[in-house]
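In what follows, a single structure is set out as structure tokens and then discussed.
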Amino acid sequence: MGYDKRARRWAWSAMAVLSVAAAACGTDDGAAVREIGGDGAASGSGSGSASGVEPTCQPVGDFSVADSQLDVTLGDFYVSPQGPAVAGKVNIVATNVGDEPHEVVVVVGDDVAALPTDADGAFDEEAYGTDRVLGEIEAFPAGEDCNGVFDLAPGSYVLLCNLVETEADGTIESHFAEGMATVIAVGS
Ligand SMILES: [Cu+2]
């Protein structure tokens, strides 16, 4: 099977080519080689030829200056925040307890059902307005942690995974459509 993202289709194999030794993930899982970049330069190559090659954690921002931390558990297929969040620079530490890669996209909003979707059931960033898509922790493997720092004002946000899988038989599966979205309240 393959994985892709709506509007920014890319292949794990291309990311692997870009692999360089970089800072370890902000959490404690050691000194594995990390990848940087991978911002979509691989467009057009998402042919599924990358089977067996997985993404790696690409931490977002500088967690050392974060004001607070929000742990988030990702599974097949849910997003489960572990406690309240406080406004400021929030270090979101995501733990993937599922069997597949997942990601965390941070979106301004207070109602998952109100988010627009595309033909595959994925969240449609363009239709919603990219200015309300604050950022994301890119897909990372099952069984690992990854983190990102996001500057969040008081309010409501949706945390979601927007990966789309294409099974060997051609079946499309959207993680968002499967339930990987939840609302968090960020207090002042
Ligand atoms: Cu997912």
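These figures come from a predicted structure and were not determined experimentally.
Looking at Cys161 and Val105, their side chains never come closer than 4.5 Å, going by heavy atoms from C-beta outward. The side-chain heavy atoms of Val107 and Leu134, taken from C-beta on, include no pair separated by under 4.5 Å. Counting only heavy atoms from C-beta outward, the side chains of Asp124 and Thr117 never approach each other to under 4.5 Å. Annotation: side chain of Pro101 is in contact with side chain of Pro55 (closest heavy-atom distance under 4.5 Å). Ile172 is listed as a side-chain neighbour of Val164, based on a closest heavy-atom distance under 4.5 Å. Considering only heavy atoms from C-beta on, Leu160 stays 4.5 Å or farther from Val106 through its side chain. By the 4.5 Å heavy-atom criterion applied to side chains, Phe140 and Leu74 are counted as neighbours. In this structure the side chain of Val93 never reaches within 4.5 angstrom of the side chain of Leu70, judged on heavy atoms.
Minimum heavy-atom separation, Val186 to Ala153: CG1-O, 3.7 Å. Taking each heavy atom of Cys57 and Pro141 in turn, the nearest pair found is N-CD, 4.3 Å. For the residue pair Ala181 and Phe176, the shortest heavy atom distance occurs at CB-CE1, 3.6 Å. Closest approach of Glu103 to Ala139, counting heavy atoms only: CB-N, 3.5 Å. Here the closest heavy-atom approach between residue Ala142 and residue Gly98 is recorded as CB-O, 3.1 Å.
Atoms OH and CD1, from Tyr157 and Ile184 in turn, are 8.0 Å apart once rounded to the nearest 0.5 Å. The structure places CD of Glu125 at 10.5 Å from CG of Asp118, a figure rounded to the nearest 0.5 Å. The structure places CG of Asp99 at 9.0 Å from CZ of Phe77, a figure rounded to the nearest 0.5 Å. Atom OG in Ser174 sits 10.0 Å away from atom CE in Met180 (nearest 0.5 Å). Rounding to the nearest 0.5 Å places CG of Asn162 at 8.5 Å from CD of Glu136. Atom CD of Glu173 is separated from atom CD of Glu178 by 4.5 Å, given to the nearest 0.5 angstrom.
In summary, of the residues considered (Val104, Ile92, Leu159), a side chain to side chain contact (heavy atoms under 4.5 Å, CB included) with Phe150 occurs for Ile92 alone. Only one option out of Val79, Asn96, Ile137 pairs with His102 in a side chain to side chain contact (heavy atoms under 4.5 Å, CB included); it is Asn96.
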Review point. Would Lys89 and Val65 satisfy side-chain contact (heavy atoms from CB on, under 4.5 Å), going step by step from the backbone distance to the final call?
Key: CA-CA 8 Å; Lys89 292 183 172 61; Val65 300; 4.2 Å; yes

Check your understanding: Going through the distances and angles, do Val158 and Thr182 end up as a side-chain contact (heavy atoms from CB on, under 4.5 Å)?
Key -> CA-CA 5 Å; Val158 178; Thr182 194; over 6 Å; no

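Judged purely by atom type and a 3.5 angstrom limit, Asp62 uses its side chain to pair as donor or acceptor with the backbone of Ser64.
Using a 3.5 Å distance cut-off with no hydrogens or angles, the side chains of Asp145 and Thr95 do pair a donor with an acceptor. Judged by distance alone, the side chains of Gln82 and Ser80 do bring a donor and an acceptor atom under 3.5 Å apart. Inspection of the His175 and Asp76 side chains reveals no N or O donor paired with an N or O acceptor under 3.5 Å.
A 6.0 Å sphere centred on CG of Asp110 holds no more than 12 heavy atoms belonging to other residues, nucleotides or ligands.
Between Tyr128 and Phe123, the ring planes are perpendicular. Angles over 60° get that label, and only those under 30° would be called parallel.
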